[in-house]
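Just so it is clear, the values below take in all heavy atoms, side chains as well, and ignore hydrogens, waters and symmetry mates.
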Amino acid sequence: MSRVEAKKPSLCVSEPLAEDTVHQSLSVLSGILKSCYGPAGRLKQLHNGMGGYVCTTSQSSAVLRCLSVSHPILMVLTASVQNHISRFSDCGLFTAILCCSLIENYKRINFASCTVIKISKHLLSLCTDYLKSEACGCRVSVDFGNLETLLCLVRSVLTSKPACMLNKTEVDHLTTLTVKAFLLTVPRHVETNPVLGKCIIVPVKGRRVVDSMVFPGLLLETPETQLAKPLSVKRISSNIIKVALFCVSMSGDLFNPEEGSITVHHGISLEMSELDQLLNVGKQLVNDEIGLVVCQKVIHPSLKQYLKENHVVTVDRVGLSMMEPLSQMTGSKPIASVHSFSPSCYGSLKDVCTESFASKHFVHLIPNDTLVCCLMLCNRNETTWDELKRAYETAEHVLQLTIKEPLALLGGGCTETHLASYVRHKSCNLSTSSFKAIDCSQTQYQLVADAFCRSLESVACSLNHDDGDVFADMVYGHCWFVPSGFSSVSNWSNLVSKCGCGINNNTQNLDWRILQSHFSSPVLQSCPKEPSVKATDFLTLDCFAAKCSGLQVAVETANLILDLSCIIEDQN
């Protein structure tokens with residue numbers, strides 16, 4: 001069949017970064033992301049332009065998912081950041097803002113891309129080596145025997161999500177619950193390959209945040225009519241409740257005709273045969289002293305009644321998502337047939353009770369050894385609840401990453417400004433052989449290093465949304481925020497009490513410089529290795545693994561985009 005329309009040739013664009021439209025698009029994207037950054041970040045309302053669901057958020061995961069970008073360069077950038085978020089959950093805005101700033105500042109110096117990329121890679125290795133070294137002045141060790149640092153990590157995540165609409169009391173309450181829920185999922189006994197448990201979120205919308213609670217074990221929602229008060233559960237001699245977990249329907253449904261044909265003798269009722277088989281299963285469960293039967297699908301009412309008369313509690317329609325935590329918590333193996341199964345599939349529980357909250361009713365399964373827990377998460381409305389759920393999942397993932405690598409980085413812009421000071425200090429002291437190894441001149445290296453440092457500092461400056469000034473001290477390289485209109489005051493240090501992360505205060509004799517100015521100086525001495533104040537003073541901390549990855553992703557993505565010499569688009 002001949003074509004109705006002639007095939008169009010592919011559109012080839014050389015030197016895509018030289019186009020003004022690309023710079024404008026990058027500038028707009030950077031402006032959107034910078035305005036979302038930090039505890040004072042501005043909220044965004046995103047929708048598809050045709051009505052429907054409106055997302056109110058400042059979180060990178062939601063913003064980048066809802067934003068529609070069409071230019072290939074922006075698609076590369078957003079896809080790279082989204083991949084980072086999918087692996088680490090945190091530091092998405094840091095990564096995206098830094099990447100945009102690097103591209104912008106690198107293009108201004110107008111060097112060959114290959115030279116910029118080589119120097120940029122060397123600067124990245126300087127930063128990563130420093131962050132992983134014991135001498136790093138913006139790194140904090142996390143001791144899981146001391147909850148203060150963990151609480152600071154979680155609090156920093158929650159306070160950076162303003163769309164959750166939390167006050168200080170609510171932040172403190174949720175911070176404690178998050179750490180408690182996480183610790184309930186950590187195995188008590190050391191194993192060869194320890195596996196973290198799971199925290200199940202139970203949504204409750206329209207209630208106060210401080211009503212949120214953590215329950216060890218699982219909450220299975222069930223109609224109030226199914227709950228007997230008091231709950232009568234059969235127990236074995238050791239006072240343990242035996243559990244049977246079924247992943248097959250126990251409703252007595254007939255065979256699916258698509259599975260094949262069956263031959264039925266005259267006078268035989270398939271429905272009665274199925275029900276008889278289910279009752280035989282019930283008798284076996286009762287004889288095996290089962291106290292709780294949980295089914296992924298539906299249990300026939302007659303079987304429920306029979307089991308109830310024999311003090312066996314039944315819970316059905318729990319869904320596929322609950323099967324893994326149920327199996328992990330009880331030690332049960334999901335039973336996939338009602339015709340034959342082994343008693344070796346059974347598990348056990350410490351206790352079963354009932355819980356009621358708002359208009360919901362639950363069967364509470366209490367395990368022998370807690371590895372699974374439920375967080376009843378409350379917020380005032382659906383919008384703030386959705387944002388709070390994302391914030392909680394980020395905080396939970398941060399704790400999981402921290403238990404693998406028990407380190408944190410100072411937040412509030414201090415790590416960025418400290419790294420910038422460190423890079424400036426190192427770049428001024430590089431040997432001639434280093435420039436030969438990189439294949440660049442000292443001038444080229446200094447200019448790229450300055451662009452790199454300005455990009456890091458621009459991320460710290462993005463935390464300021466109220467037209468104030470941002471300074472870095474000349475001793476520790478930390479970030480300080482000064483209210484608007486006071487930069488000309490000779491002793492403006494009286495206006496600030498602490499640096500961005502909260503580790504240094506204004507009682508020290510420090511010199512400062514304005515960030516993003518033409519004047520730049522290396523720090524005179526390294527940062528203190530240990531905090532000078534306790535974490536109970538609300539130290540702002542960032543996830544070490546997420547921030548290190550974000551730094552690497554931002555630099556490598558910027559290098560990739562700088563190296564693009566041609567974009568070919570199919571117009572058909």
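Distance alone, capped at 3.5 Å, places no donor-acceptor pair between the S549 side chain and the A546 backbone. The closest donor-acceptor contact from the side chain of S80 to the backbone of V76 lies at 3.5 Å or more, if one exists at all. Under a 3.5 Å cut-off, the side chain of S160 and the backbone N or O of V157 do form a donor-acceptor pair. Side-chain N or O atoms of S212 include one that pairs as donor or acceptor with a backbone N or O of C378 at under 3.5 Å. D469 contributes no side-chain N or O that, together with a main-chain N or O of V482, makes up a donor-acceptor pair within less than 3.5 Å. Of the possible donor and acceptor atoms, none in the side chain of T557 sits under 3.5 Å from a partner among the backbone N and O of A554. No donor-acceptor distance shorter than 3.5 angstrom exists from the side chain of S156 to the backbone of T540, with no hydrogens or angles considered. No donor-acceptor pair under 3.5 Å is formed between the side chain of S30 and the backbone N or O of L26. Panel note: side chain H465, backbone Y37; a donor-acceptor pair is recorded below 3.5 Å.
Aromatic rings from H418 and Y130 are positioned such that their centres are separated by under 6.0 Å.
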Exercise. Might you work through the salt bridge (Lys or Arg N to Asp or Glu O under 4.0 Å) test for K198 and E396, ending with a clear yes or no?
Key: CA-CA 10 Å; K198 191 170 185 179; E396 181 187 43; over 6 Å; no
Quiz prompt | Candidate pair C373 and T185, rule side-chain contact (heavy atoms from CB on, under 4.5 Å), full reasoning | solution = CA-CA 7 Å; C373 66; T185 65; 4.1 Å; yes
Quiz item: side-chain contact (heavy atoms from CB on, under 4.5 Å) between L377 and L177: does it pass, once the steps are laid out?
Solution: CA-CA 10 Å; L377 189 61; L177 288 187; over 6 Å; no
Quiz item: Going through the checks in order, is the side-chain contact (heavy atoms from CB on, under 4.5 Å) test met by F452 and C127?
Solution: CA-CA 11 Å; F452 184 90; C127 291; 3.7 Å; yes
Practice problem: Could you please spell out the steps behind the side-chain hydrogen bond (donor to acceptor under 3.5 Å, both in side chains) verdict for T443 and S441? | Solution: CA-CA 5 Å; T443 302; S441 68; 4.7 Å; no
Exercise. Let me see the working for I438 and K436 under side-chain contact (heavy atoms from CB on, under 4.5 Å), right down to the final yes or no.
Key: CA-CA 5 Å; I438 303 169; K436 289 182 179 179; over 6 Å; no
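Sorted by first and then second residue, the pairs that involve residues 90-104 and meet side chain to side chain donor-acceptor pair (under 3.5 Å), not counting sequence neighbours, are S101-S458, E104-R108.
Residues L515 and R454 are not in side-chain contact: their nearest non-hydrogen atoms beyond the backbone lie 4.5 Å or more apart. L43 is not listed as a side-chain neighbour of T57, based on a closest heavy-atom distance of 4.5 Å or more. Counting heavy atoms from C-beta outward, R87 and V553 have side chains that approach closer than 4.5 Å. In this structure, the side chains of F544 and L401 stay at 4.5 Å or more apart for every pair of heavy atoms. Side-chain atoms of I503 and Y476, non-hydrogen and from C-beta on, never get closer than 4.5 Å to each other. Contact annotation: the side chain of T417 never approaches that of V470 to less than 4.5 Å [non-hydrogen atoms, C-beta and beyond]. At a threshold of 4.5 Å between non-hydrogen side-chain atoms, the residues L67 and T78 do not count as touching. At least one side-chain heavy atom of P325 sits under 4.5 Å from a side-chain heavy atom of I200.
Between T384 and N381, the side chains place a donor N or O and an acceptor N or O closer than 3.5 Å (distance only, hydrogens not considered). In the model, S434 has a side-chain atom that pairs as donor or acceptor with a side-chain atom of S431 under 3.5 Å.
G502 and L539 make their closest contact through C-CD1, 3.8 Å (heavy atoms, listed as atom of the first residue, atom of the second, distance). Contact record, K44 with I32: CE-O, 3.8 Å, taken as the closest heavy-atom pair. Across all non-hydrogen atoms, the minimal contact from C479 to A460 is SG-CB, 4.1 Å. Contact record, S421 with G477: OG-CA, 3.8 Å, taken as the closest heavy-atom pair. Here the closest heavy-atom approach between residue S455 and residue A451 is recorded as OG-O, 2.8 Å. Across all non-hydrogen atoms, the minimal contact from T415 to C138 is OG1-CB, 3.8 Å.
Around atom NZ of K426, no more than 12 heavy atoms belonging to other residues, nucleotides or ligands sit under 6.0 Å away. Within a 6.0 Å radius of CD in E405, more than 12 heavy atoms belonging to other residues, nucleotides or ligands are found. A 6.0 Å sphere centred on CG of D20 holds no more than 12 heavy atoms belonging to other residues, nucleotides or ligands.
Take T178 and apply the side chain to side chain contact (heavy atoms under 4.5 Å, CB included) test, not counting sequence neighbours, and it matches V154, Y392, A395, L399.
R42 and D466 are joined by a salt bridge, as a carboxylate oxygen and a charged side-chain nitrogen come within less than 4.0 angstrom of each other. For the pair R390 and E387, the salt-bridge criterion is met [side-chain N within less than 4.0 Å of a carboxylate O]. Between E134 and R139, at least one side-chain nitrogen of the basic residue sits less than 4.0 Å from a carboxylate oxygen of the acidic one, meeting the salt-bridge criterion.
Going from atom CD of E170 over to atom CG of L158 covers 11.0 Å, rounded to the nearest 0.5 Å. A distance of 11.5 Å separates NZ of K205 from CG of L388, quoted to the nearest 0.5 Å. For the atom pair CD (Q59) and CD1 (I85), the distance works out to 9.5 Å, reported to the nearest 0.5 Å.
Applying the side chain to side chain contact (heavy atoms under 4.5 Å, CB included) test between I119 and each of Y445, F111, F435, Y106 identifies Y445 as the sole match.
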